[in-house]
Amino acid sequence: MNKIILSLLVIFTSVKCIGQEVQKITLDIQDDWDLYLNDEDSKELYYLKLTPTEAPKGALVILPSGYEKTGDVLKQIELHKEAVAEGLLVVVPSINWGTTDRLAEFKILDIIFKQIVDQYHISKEKFILGGLSNGGMIAITYAEKSVQNPQLTFLQPLGVFGLDTPLDIAHLYQYAEREIKRNFSEVGINEAKWMINNYNDTYGGSPIEFPEKYIDASMYSNGVENGGNAKYLQDIPIRMYTDLDVDWLLNQRRRDLYDWNGTNIVAMINELKLMGNKDANVIITMGKGVRLDGSRHPHSWSIMDTTDCMNWIKALYSEE
């Protein structure tokens, strides 16, 4: 991607959010890609920023899941508090959806990253990216592209983490076919139909018809040498979280372990370990998923253990 110099219109809106002062930084660029949904018809793009009292020693970037509001992320986690206390600057970008090739997401992230580097003189080597679901997909894809095609990204992350992140697009397509055939969950069926239609439009058909397109689009491809694009994570520390809630899978959705995101997460981490990545790990919880409204769901921020994640982050900075 050609680097485009874009000015930033910085609007500081200080609010108190769960005991932390949060600044809202509005970007002088319109959301023409629908990167941030669930905000009515707004075209505003921005990021939330939490700054430590001392000069930041690094930056932690937390990406929302699909349709999730930035403020709702901070209501469900404690990681931002711990990070600020440890001297890290925390950023929550207004990206909760995205594009097929992720180039628009990279552009916005790089605008944010450049401002952070310019303003706080944080090294480009000291950024950690992570998120839930779609947020994790963006973080992992950014990390892979930073190695595969460095000119597409402003920096290479020090480390990445993901919560219940779908990794293999071909397997997602196959899951969607099973979900429609089961005909059990209306929510699941509607999502599955959307996925199949979207993938057919994007890639021209199914993964059986166009396997290479699905491999190119996936963060990890099961059965492909070195996990496909996962090979670009060989030297990047990565920590994944997933929740194995068999009761929820069976009784709420009539799904099984072939439909569980953790299957590919474990497979990818194992592949990375075989390739020599000594800091590739997965943490599996059981029945810890609870959403903001209190409903039980394994696809949630609550599956992440804050202490575990923060200890991993601190270890990365101590190695620098």
Side-chain angles (χ1 to χ4, degrees), residues 60-66 68 72-83 86 88 90-92 95-96 127-144 157-168 171-172 175 218-220 222 227 230 233 236-249 252-253 255 257-273 277-292 295-317:
L60 173 63
V61 181
I62 303 174
L63 289 150
S65 62
E68 185 174 39
D72 286 344
V73 174
L74 300 183
K75 296 175 184 177
Q76 299 174 80
I77 63 173
E78 299 291 323
L79 187 61
H80 59 295
K81 295 181 181 181
E82 298 290 337
E86 291 292 334
L88 299 180
V90 176
V91 169
V92 184
I95 301 175
N96 65 10
F127 280 67
I128 293 174
L129 281 62
L132 168 64
S133 188
N134 185 62
M137 294 172 78
I138 295 170
I140 293 169
T141 302
Y142 187 99
E144 290 178 346
L158 174 63
V160 290
F161 66 94
L163 282 71
D164 204 43
T165 303
L167 299 169
D168 189 330
H171 279 192
L172 274 179
Y175 145 76
S218 298
M219 292 130 279
Y220 162 78
N222 188 265
L233 299 172
I236 296 180
I238 180 169
R239 200 164 192 84
M240 301 295 292
Y241 298 88
T242 187
D243 189 87
L244 178 53
D245 193 337
V246 176
D247 179 70
W248 187 91
L249 287 170
Q252 297 298 320
R253 292 294 190 269
R255 297 173 186 165
L257 296 188
Y258 289 99
D259 307 307
W260 178 47
N261 288 332
T263 301
N264 282 317
I265 289 172
V266 173
M268 183 184 75
I269 294 299
N270 189 48
E271 193 77 53
L272 289 171
K273 286 180 175 293
N277 189 324
K278 296 181 179 180
D279 197 350
N281 293 284
V282 56
I283 309 301
I284 302 175
T285 57
M286 299 185 72
K288 283 190 62 178
V290 180
R291 291 194 163 174
L292 186 59
S295 62
R296 181 176 176 178
H297 202 301
H299 206 57
S300 306
W301 283 103
S302 62
I303 69 173
M304 177 182 63
D305 183 287
T306 298
T307 300
D308 173 81
C309 192
M310 197 62 232
N311 285 341
W312 173 72
I313 290 171
K314 289 192 292 185
L316 292 182
Y317 282 106

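Excluded from the calculations below are hydrogen atoms, water molecules and symmetry mates; all remaining heavy atoms, backbone and side chain alike, are included.
- For the residue pair Tyr220 and Ala230, the shortest heavy atom distance occurs at CD1-CB, 4.0 Å.
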>> Let's go through Ile303 and Asp164 carefully: what are the C-alpha distance in whole Å and the side-chain angles of both, what is the deciding distance for side chain to side chain contact (heavy atoms under 4.5 Å, CB included) to 0.1 Å, and is it a yes or a no?
In response: CA-CA 9 Å; Ile303 69 173; Asp164 204 43; 4.2 Å; yes
>> Could you go through Glu82 and Leu88, starting from their C-alpha distance and side-chain angles, then the distance that decides it, and tell me whether this counts as side chain to side chain contact (heavy atoms under 4.5 Å, CB included)?
In response: CA-CA 9 Å; Glu82 298 290 337; Leu88 299 180; over 6 Å; no
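- Closest of all the heavy-atom pairs between Val92 and Pro64 is CG1-CG, 4.3 Å.
- Counting heavy atoms from C-beta on, the side chains of Leu244 and Trp260 come closer than 4.5 Å.
- Identified under the salt bridge (Lys or Arg N to Asp or Glu O under 4.0 Å) test for residues 263-272, with sequence neighbours left out: none.
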Please table the atom pairs, donor to acceptor, closer than 3.5 Å between any side-chain atom in residues 280-290 and protein atoms at least two apart or in another chain.
from: Asn281; atom 1: OD1; to: Lys273; atom 2: NZ; distance (Å): 3.4
from: Thr285; atom 1: OG1; to: Asp243; atom 2: OD1; distance (Å): 2.5

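- Between the side chain of Ser295 and the backbone N or O of Arg291 there is no donor-acceptor pair closer than 3.5 Å.
- The minimum heavy-atom distance between Pro157 and Tyr142, with the atom names listed, is CG-CD2, 4.0 Å.
- The distance from the CD1 atom of Ile269 to the CG atom of Asn277 is 7.5 Å, given to the nearest 0.5 Å.
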>> Evaluate Met268 against Ile265 for side chain to side chain contact (heavy atoms under 4.5 Å, CB included), listing each step before the verdict.
In response: CA-CA 5 Å; Met268 183 184 75; Ile265 289 172; 5.9 Å; no
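- Residues Met219 and Pro166 share a closest heavy-atom pair of CE-O, 3.5 Å.
- Closest approach of Met304 to Phe161, counting heavy atoms only: SD-CE1, 4.2 Å.
- In this structure, the separation between OG1 on Thr165 and CD1 on Ile238 is 8.0 Å, given to the nearest 0.5 Å.
- Between the CE atom in Met310 and the CD atom in Glu86 there is a gap of 5.0 Å [rounded to 0.5 Å].
- Remark: the backbone N or O of His297 is paired with a side-chain donor or acceptor of Ser300 at under 3.5 angstrom.
- Two residues are said to be in side-chain contact when any heavy atoms from C-beta on lie closer than 4.5 Å; Trp248 and Arg253 meet this criterion.
- Side-chain contact between Val91 and Leu60 is absent, with no heavy-atom pair separated by less than 4.5 Å.
- Phe127 places none of its side-chain heavy atoms less than 4.5 Å from the side chain of Leu158.
- Proximity of Asn261 to Thr263: side-chain heavy atoms (C-beta onward) are nowhere separated by under 4.5 Å.
- Considering Val90, Leu129, Leu132 in turn, Val90 is the only one that fulfils the side chain to side chain contact (heavy atoms under 4.5 Å, CB included) rule with Ile62.
- By the salt bridge (charged side-chain N to carboxylate O under 4.0 Å, His left out) test, Asp308 is found to be paired with Arg239, residues two or more places apart in sequence or in another chain being considered.
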>> As a quick check of understanding, evaluate salt bridge (Lys or Arg N to Asp or Glu O under 4.0 Å) for Arg296 and Asp245, giving each step before the final call.
In response: CA-CA 10 Å; Arg296 181 176 176 178; Asp245 193 337; 2.8 Å; yes
>> Run the side chain to side chain donor-acceptor pair (under 3.5 Å) test on Asn134 and Ser65 for me, step by step, so that the C-alpha distance in whole Å, both residues' side-chain angles and the decisive distance to 0.1 Å come before the verdict.
In response: CA-CA 5 Å; Asn134 185 62; Ser65 62; over 6 Å; no
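- Counting heavy atoms from C-beta outward, Val61 and Ile128 have side chains that stay 4.5 Å or more apart.
- Smallest separation of non-hydrogen atoms from Ala143 and Val160: CB-CG1, 3.7 Å.
- The shortest side-chain heavy-atom distance between Tyr175 and Arg255 falls under the 4.5 Å cut-off.
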>> Pair Glu68, Gln76 - check side chain to side chain contact (heavy atoms under 4.5 Å, CB included), show working.
In response: CA-CA 11 Å; Glu68 185 174 39; Gln76 299 174 80; 2.7 Å; yes
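- Ile236 CD1 to Ile140 CD1: the interatomic distance, rounded to the nearest 0.5 Å, is 10.5 Å.
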>> Assess the residue pair Asn222 and His171 against the criterion (side chain to side chain donor-acceptor pair (under 3.5 Å)); give the C-alpha distance rounded to whole Å, side-chain angles, the decisive distance to 0.1 Å, and a yes or no.
In response: CA-CA 8 Å; Asn222 188 265; His171 279 192; 4.6 Å; no
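- Note that CG of Leu272 and NZ of Lys278 are 14.5 Å apart. Values are rounded to the nearest 0.5 Å.
- At least one side-chain heavy atom of Leu79 sits less than 4.5 Å from a side-chain heavy atom of Ile313.
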